[in-house]
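To start, the structure itself, in C-alpha cells.
Please read all numbers here as calculations on a predicted model, not as lab measurements.
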Amino acid sequence: MGKVSFRKSAQKVLIFSKWRRKSYSVFQTLNRIIVISVLVTSYLLSVPAVTFAIEKDTTEVKKEFSLDEIEVSAQRSPALYSQVARIVSVIERKEIESSPAQSVQDLLEYVAGVDIRQRGAEGVQADVNIRGGTFDQILILLNGINITDPQTGHHNLNIPVSLNQIERIEILQGSAARVYGPNAFAGAINIITRQSDSNSVNLQLSAGSFKYFNFDLSGSFNTGKLQNSLSVNKKLSDGYIDNTDFDIFNIFYSNRLDIQKGKMSFQVGYEEKAFGANSFYTPVYPNQFEETKSLISSVKWESNSKYHFTPVIYWRRHQDKFELFRDNPPSWYTTHNYHLTNTFGGNLNSWIQSNLGKSAFGIEFRSENILSNVLGELMDSPEKVPGENAEFTKSKTRNIISGFLEHVYYADKWTLSAGLLGNYFTESNLGVNFFPGIDVSYEITSALKIYSSFNTSLRMPTFTDLYYQGPTNIGNPDLNPERSASLEGGFKLNSQFIQGYWIGFYRKGKDIIDWVKMTETDKWQPQNLTELNSFGSEIQIQFDLKKRFGHHLPNHISFNYLYNNIKKEEADFISYYVLDHLKHKFVSSVNHTIFRNFDVSFNVLFQDRDGTYTRFENGTRGDETDYEPFWIFDVKANYNRKNLNIFISVNNIFDVLYYDIGNVSQPGRWTKVGMSYHLDFD
C-alpha cells in the first residue's frame, strides 16, 4: 500500500484558450524543463504533465504568461504541448512545496498512473512502475540523462538530490522506446533540478516522529556567464519499527553557461544511504542491512543553429553492499553481497524544421558494466571491493547501440508524429531490432482534442534477473528480452474552469519477466511469461474554483482515477511482482488558502492491489494472503511570511496498517514540523 496525498495546486496555472500553432521554442528534447500543462494546465495534481526538453529557461517561462502555448518534447523534436498525442504529467515546484512528501518516492505516490511500492520510508528504497508495468520497465532520467540502474530497478531512484533541490518531475505514461530507447518500456520519469540565475541561499530544517531529522542547504551563484547551483542534504531517522532506521547524505552541483551559439550544462552528484532493511527481500531473515553509494555526472551542449544539435556524455557509478544478517550471522553465512556498476555513454540528438514539418534523428551508445561476488560470470582473477575486506569474483559487460528517426507533420487541426528506434545489444543473439511508433491528434474545438498513439518497445533483463543466486532466489541466464505493443487514445479537455482528460490503454506483452515459484517452498526464479496483456482507463479532472468563483473557495480541487486489469495465460505459479499490480487507484486533493499567507492541502489516496503474498508471523510461514485495499489521508499546513516558511505535515492521519510489498509494513502516523528560509543577494 502506498501512501496518499492530495496534490497541492496553489500554483499559477497557464490556461491557453486556443490550440494555436505559434512557435515558441521553450523546450528541446532531453534538456531543461518548464512548467508545462496537462491539457493546457500545469499540474492537474494527481497526474501532472510530462515533458523532457527545453530551450528556454524555466524562470523565463514563468514570467511569460502571455504565451498562447509552450513547446514541449514528448517526442524527439520539440512540439507545442497541444499537439502532443500522449499523456504527460508534471509535478511542479509549488506542488512539491505544499505536499507532505519529503522524498521523490512519496511525491510520486500522488500520481494515479504511477505505482510506488516502498520497502522503507523517506526515500530509502522504492520500486516504481506505470500502468501495471514492473519496476525494471521504467526509464529514470536526471535532467534528461539516463541514470537507470542495470543491476536492478530497486536502485533506480537512488538519486543524489533532495526534494528541495527539484524544480519539477515529469512523467511520460506509456511506452517511450522510440523517444528514449530500451527500458522506457512502460514509461519514463525525468527529474529536473533547480537552476536559478540569481545569487541566493536556501536553508530548510525539519524534525518529526521516530527521531526524524532533515537538514537541507542549497545556494545558487553566478560567476560571469556561468550559473552555478550547489546543494547538501542530510536525512536520518531511528525508524518506525525495528530495523527500519536510515541515514542518507546527498551533495549535488550543476552549472549552465549561456553563450551566443548555445548552452553548455554540467552536473555531478553523490549520494550515500545506509539503512535497516527489515524483510526487504525475504521475511525469513528480517534483520537485513544495506548500504549504497551513487555517483552521477554528465556534460551537455545545446546549439542554437538552424540544425539543432544536442550532444551528451554521461557516467554513473553505483556501489551496493547487502547484508542478509546485520548482526549475529549463523555459521553458514560467510560473506555479504557486493556489487559495483559503471554505466557510461553518449548520445546525439538533432532536429531541423522545414515546410514539411520537423525531422529529427539521434544516436546513442551506452555501456553497462558490473563487478560482483554474486552477479555475472567468473573472472580470471578477483578484484578488491573498494573500502571493504572482500573481493569481486564475477563481472559482466554489455553495450547498447541505438538509432532514432522521427518526423512530425502538421496540417490544419491534425498532428501526425511517426518514429522508429533501431537497437543492437552486444552479448546477445538478437541482431538489430526495430521498434516503430505513431501518434495522431485532432482538434475538435479550441477546448477539446482527441488523440491516439501506438508504440512498440523492448527491455533487456537486468544483471539480477540473469545471475542472482541467494538463499531464496536463483537467477536465469537464459532469459529472453521483454517485448510489447501498446495502444492508447482518449480526449483532452481544457477550459478556464475545468481541465482534464480521459484515456483508455491496452498493452500486449510477450516474454514478460517475473520472479515466480511453483510452490511456497520453492526458490524464486525469473521466467519469461509467454503473454501478459494489460488494459485499463484513466480519468482526471481539476476544477479551478477560486479563479472562477472568487477567493472564498478552495484554490483547486482535483480527482484522478486509474483502472487497470492484467490478463495472463493460465499457469500454476506464484508471482512476486508482475501480477501484484494496482487494479484501482484514486487520488484527490484540495488546496485552500485559509487566510493571507496560510494555506492547507488535504490529500487522500485509495489503492486496491491484485495479487497475494505469503504471510509470515514471528518468522513462521503462514498462508497465501490477498493484499487488502486501503485509504490514506495526509495533510500539510504552510505559513509564509516574506522569505520564511513554517510548515507542519501529518502523513497517514488515521494510522492505517498497510503493505506495498509482501510482509514489509509501511509507516503509521508520521508528523513533521519544519521551516525554510530563503535569502537573495541580488
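When all heavy atoms are compared, the tightest approach of Ile130 to Gly174 is CG2-N, 4.4 Å. Of all the heavy atoms in Pro283 and Asn663, the pair that sits closest is CG-ND2, 3.6 Å. Considering all non-hydrogen atoms of both residues, Ala101 and Leu107 come closest at CB-N, 3.6 Å. Between Gly113 and Gln173, the shortest heavy-atom contact is CA-OE1, 3.7 Å. In this structure, Ser457 and Phe185 approach most closely via the heavy-atom pair OG-CA, 3.4 Å. Between Gln118 and Gln666, the shortest heavy-atom contact is O-NE2, 2.8 Å.
The closest side-chain donor-acceptor pair between Asn278 and Gln288, if any, does not fall under 3.5 angstrom. For the 3.5 Å distance criterion, the side chains of Trp515 and Asn473 fail to qualify, holding no donor opposite an acceptor. In this model, a donor atom of one side chain and an acceptor atom of the other lie less than 3.5 Å apart for Asn287 and Asp327. Side-chain contact, Asn423 with Ser402: a donor N or O sits under 3.5 Å from an acceptor N or O. Side-chain atoms of Thr223 and Asn228 form a donor-acceptor pair, as typed in the model, at a separation below 3.5 Å. Counted by atom type alone, Asn347 and Asn146 present zero donor-acceptor pairs between their side chains at under 3.5 Å. Side chains of Asn156 and Thr148: a donor-acceptor N/O pair is absent below 3.5 angstrom, by distance only. Side chains of Asp320 and Thr292: no donor on one and acceptor on the other come within 3.5 Å. Using modelled atom types and a 3.5 Å distance limit, the side chains of Gln195 and Arg256 yield no donor-acceptor pair. With 3.5 Å as the limit, one finds a donor-acceptor pair spanning the side chains of Tyr281 and Glu290. Side chains of Thr343 and Asn369: no donor on one and acceptor on the other come within 3.5 Å.
When the side-chain hydrogen bond (donor to acceptor under 3.5 Å, both in side chains) test is applied to Thr341, no partner is found at least two apart in sequence or on another chain. Taking the side-chain hydrogen bond (donor to acceptor under 3.5 Å, both in side chains) definition, one finds that Thr393 meets it with nothing, sequence neighbours left out. With sequence neighbours excluded, the residues satisfying side-chain contact (heavy atoms from CB on, under 4.5 Å) with Ser220 are Ser196, Ser198, Ser200. In this structure Lys394 satisfies the salt bridge (Lys or Arg N to Asp or Glu O under 4.0 Å) test with no other residue, sequence neighbours excluded. Gln525 meets the side-chain contact (heavy atoms from CB on, under 4.5 Å) test with Ile474, Asn476, Gln527; sequence neighbours excluded. For Asp245, the salt bridge (Lys or Arg N to Asp or Glu O under 4.0 Å) partners two or more places apart in sequence, or in a different chain, are Arg326. The side-chain contact (heavy atoms from CB on, under 4.5 Å) test applied to Phe434 returns Leu420, Val432, not counting sequence neighbours. Lys396 meets the side-chain hydrogen bond (donor to acceptor under 3.5 Å, both in side chains) test with Glu377, Glu427; sequence neighbours excluded. Partners of Lys234 according to the salt bridge (Lys or Arg N to Asp or Glu O under 4.0 Å) rule, which considers only residues two or more places apart in sequence or in another chain, are Asp247. Under the salt bridge (Lys or Arg N to Asp or Glu O under 4.0 Å) criterion, Glu368 pairs with Arg366, Arg398, not counting sequence neighbours.
Proximity of a side-chain donor or acceptor of Thr456 to a complementary backbone N or O of Pro436 within less than 3.5 Å is detected. Remark: the backbone N or O of Ser162 is not paired with any side-chain donor or acceptor of Gln165 at under 3.5 angstrom. Put simply, the side chain of Arg93 gets close to the backbone of Ile166: a donor and an acceptor are under 3.5 Å apart. No donor-acceptor distance shorter than 3.5 angstrom exists from the side chain of Asn255 to the backbone of Leu226, with no hydrogens or angles considered. Under a 3.5 Å cut-off, the side chain of Asn190 and the backbone N or O of Ile140 do not form any donor-acceptor pair.
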Tyr212/Gln102 under side-chain hydrogen bond (donor to acceptor under 3.5 Å, both in side chains): CA gap, chis, key distance, verdict: CA-CA 11 Å; Tyr212 173 83; Gln102 291 201 21; 2.7 Å; yes
Derivation of the side-chain hydrogen bond (donor to acceptor under 3.5 Å, both in side chains) call for Asn222 and Gln227: CA-CA 5 Å; Asn222 297 330; Gln227 299 172 356; 5.0 Å; no
Full working for side-chain hydrogen bond (donor to acceptor under 3.5 Å, both in side chains) between Gln151 and Ser372: CA-CA 10 Å; Gln151 176 192 333; Ser372 174; over 6 Å; no
Asn528 and Ile512: CA distance, side-chain angles, deciding distance, side chain to side chain contact (heavy atoms under 4.5 Å, CB included) verdict: CA-CA 5 Å; Asn528 289 110; Ile512 302 300; over 6 Å; no
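A salt bridge between Lys263 and Glu302 is absent, with no side-chain N of the basic residue lying under 4.0 Å from a carboxylate O of the acidic one. Salt-bridge annotation for Arg119 and Asp127: present, with a side-chain N of the basic residue lying under 4.0 Å from a carboxylate O of the acidic one. A salt bridge links Glu406 with Arg178: at least one charged nitrogen is closer than 4.0 Å to a carboxylate oxygen.
How far OH of Tyr338 is from CG of Leu375: 14.5 Å, rounded to the nearest 0.5 Å.
By the 4.5 Å heavy-atom criterion applied to side chains, Asn164 and Ser218 are counted as neighbours. Between Val299 and Val312, the closest side-chain pair of non-hydrogen atoms is not below 4.5 Å. In this structure the side chain of Phe252 reaches within 4.5 angstrom of the side chain of Leu142, judged on heavy atoms. Contact of the Phe275 side chain with the Val124 side chain is registered, since non-hydrogen atoms from C-beta on lie closer than 4.5 Å. Here the side chains of Ile370 and Tyr467 are not in contact, with every heavy-atom distance at 4.5 Å or above. Here the side chains of Gln204 and Asn214 are in contact, with some heavy-atom distance below 4.5 Å. Counting heavy atoms from C-beta on, the side chains of Ile145 and Gln267 come closer than 4.5 Å. At least one side-chain heavy atom of Val232 sits less than 4.5 Å from a side-chain heavy atom of Phe249.
The aromatic ring centroids of Phe322 and His336 lie 6.0 Å or more from each other. Ring centroids of Trp332 and Phe325 are separated by less than 6.0 Å, placing the two rings close together. In summary, the aromatic rings of Phe280 and Tyr285 are positioned with their centroids too far apart to meet the 6.0 Å limit.
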Which pairs of donor and acceptor atoms, one on a side chain in residues 378-392, lie under 3.5 Å apart (sequence neighbours left out)?
unit_1	atom_1	unit_2	atom_2	d
Lys384	NZ	Glu388	O	2.7
Glu388	OE2	Lys321	NZ	3.4

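Counting only residues at least two apart or on different chains, the salt bridge (Lys or Arg N to Asp or Glu O under 4.0 Å) pairs with a member in residues 455-478 are Arg459-Asp465, Arg459-Glu482.
No option in His155, His339, His154 other than His155 meets the ring pair (Phe, Tyr, Trp, His ring centres under 6.0 Å) test with His318.
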